[in-house]
Amino acid sequence: MASEFDLIDRYFKRPAPAGMLGVGDDCALFGVPPGMQVATSTDLLIEGRHFFADVDPRALGHKALAVNVSDLGAMGARPIGCLLGLALPAIEPAWLAAFSEGFHALATASGCPLIGGDTTGSALGVAISVTVFGAVAPERALRRDGARPGDQVWVSGTLGAADIAYRLLSGQMPADAGLLAATRTALEWPQPRYALGQALGGVASAAIDISDGLLQDLGHVLKASGVGAQLRFADLPVAPSLAGIDPARLRHAVLGGGDVYELCFTAAPERADAVRAAAAAAGVAVTPIGQITPAAGLAVLGPDGQPDVDLPRGFDHFSTP
Ligand code: ADP
Ligand code: MG
C-alpha cells in the first residue's frame, strides 16, 4: 500500500512554475506583481451532495478545480495557483490517476498549477476542498457591488443544460439517454470563464459566476449594488440541446438551474462594443439579457412584455421546501 507521501508524489506533485515554491514544503510561496492584489476563494465538494459517487473521476478532478477557477474569472483575476484538500475512504490508484489527470489538465490549461494541499483518510466518502489564488488590480476587480441603473445585464455561454442533466441522473426526470448524452458535458465538464473575466476587467461594472442559478446569483449582484433588474425571457441563451423540452421544465432550468459556471455581468450600454470585443478575444459567446433598474427587485418579462410571476428560486443548501 502506497504511503500518503508516495501518493502525493505520484499523483499531485508537479514541478512548480519559475519563481514559485510548490508541493513538498510546509507552505507554498508565490508573489504578485506590484499594484495587484491576491484574489482567493475556496469551494468544498462532498460525495452525495455535489457529485455522484460513480462520477467519472477525471471529470470530477476537472470540476473540482473548474468551480474554483470560475470564481477567479468572476472576479476578473488571473489564476496563480491552487491548493487541494482531499479526504479519501481508500486509496484506489485508477481513481486517483484519473482524478489527478482531470485536475492537472485544467490546472495547466488555466495557468493555475497545484502548489500544495492536504491528504487524509475519510470515514464518510470522498470530500474535496480546493482553494485558488489569483492576481487582480483592485480597480479592475469585477465586484458584485458595481452594477448601476441603465447598465446592460449579460450572460456568457448558454443556460439550462446542467440542470437537466442533473435531473436525469438523479431520477427527477424519466430516463432519456439521448437528452442525457446531449446535456451531461455541461454538468460534468463546466468550462470556467477565466479568460473572459480577465478581458472584462475595466469593461464590466459587476460580475458573478452562476453556480446556484441565474436569478439567485444575479440577485446577489443586485443586492450588493442596491439596484434591481429586468430580464427578457426570450433573450436568454438556452442550450440548443434543450430544444423540444417541456416549457415549464425549461423555464425552471434556465432561470433557476445551478452548476452553470457561466458569467453573469453588467456593463454600461456604451461599453457594449468593448464587451463584445472582450468576448471575442476570450472565444466565448455573450448575450445581453436585460437592464439594471434603479428600483430594487428582479423581473423577468414574458413574450407579452408582462413580468412573469412565480419565478423559480435557485439552489440553497439550507433552504427548507
Ligand atoms: P504538513 O504535515 O506540513 O501539513 P503534509 O505532509 O500534509 O505537510 O504535506 C506534504 C506536502 O505535500 C506539502 O507541501 C503539502 O502542501 C503537499 N500536499 C499534501 N497533500 C496534497 C494534495 N492533495 N495536493 C497537493 N499537494 C499536497
Ligand atoms: Mg498536511
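Each ligand, and each atom within it, is numbered from 1 in the order the structure gives.
Electrostatic pairing of R232 and D235 counts as a salt bridge here, judged by a charged N lying under 4.0 Å from a carboxylate O. The existence of a salt bridge linking E262 and R193 is confirmed by a sub-4.0 Å separation between a basic side-chain nitrogen and an acidic carboxylate oxygen. By the 4.0 Å N-to-carboxylate-O rule, D151 lies too far from R271 to be salt-bridged with it.
At a 4.0 Å heavy-atom cut-off, ligand 1 touches I8 through the side chain alone.
Annotation: side-chain hydrogen bond (donor to acceptor under 3.5 Å, both in side chains) contacts involving residues 79-102, sequence neighbours excluded, comprise R58-E101.
Listed by number with element, the atoms of ligand 1 under 4.0 angstrom from any heavy atom of F12 are 23 (N), 24 (N), 25 (C). Taking every non-hydrogen atom of D26 and a distance limit under 4.0 Å, the qualifying atoms of ligand 1 come out as 3 (O). With ligand atoms numbered from 1 in the order given, ligand 1 contributes 13 (C), 14 (O) to contacts under 4.0 Å with heavy atoms of D25. Counting the atoms of ligand 1 from 1 in the order shown, those under 4.0 Å from a heavy atom of G24 are 11 (C), 13 (C), 14 (O).
Annotation: L86 places no N or O atom under 3.5 Å from an N or O atom of ligand 1; distance criterion only. Looking at G117 next to ligand 1, an N or O pair under 3.5 Å apart turns up.
For T185, the side chain to side chain contact (heavy atoms under 4.5 Å, CB included) test picks out W189, with sequence neighbours left out.
Aromatic ring orientation, F12 versus H104: tilted (interplanar angle from 30° to 60°).
At least one heavy atom of F5 sits less than 4.0 Å from an atom of ligand 1.
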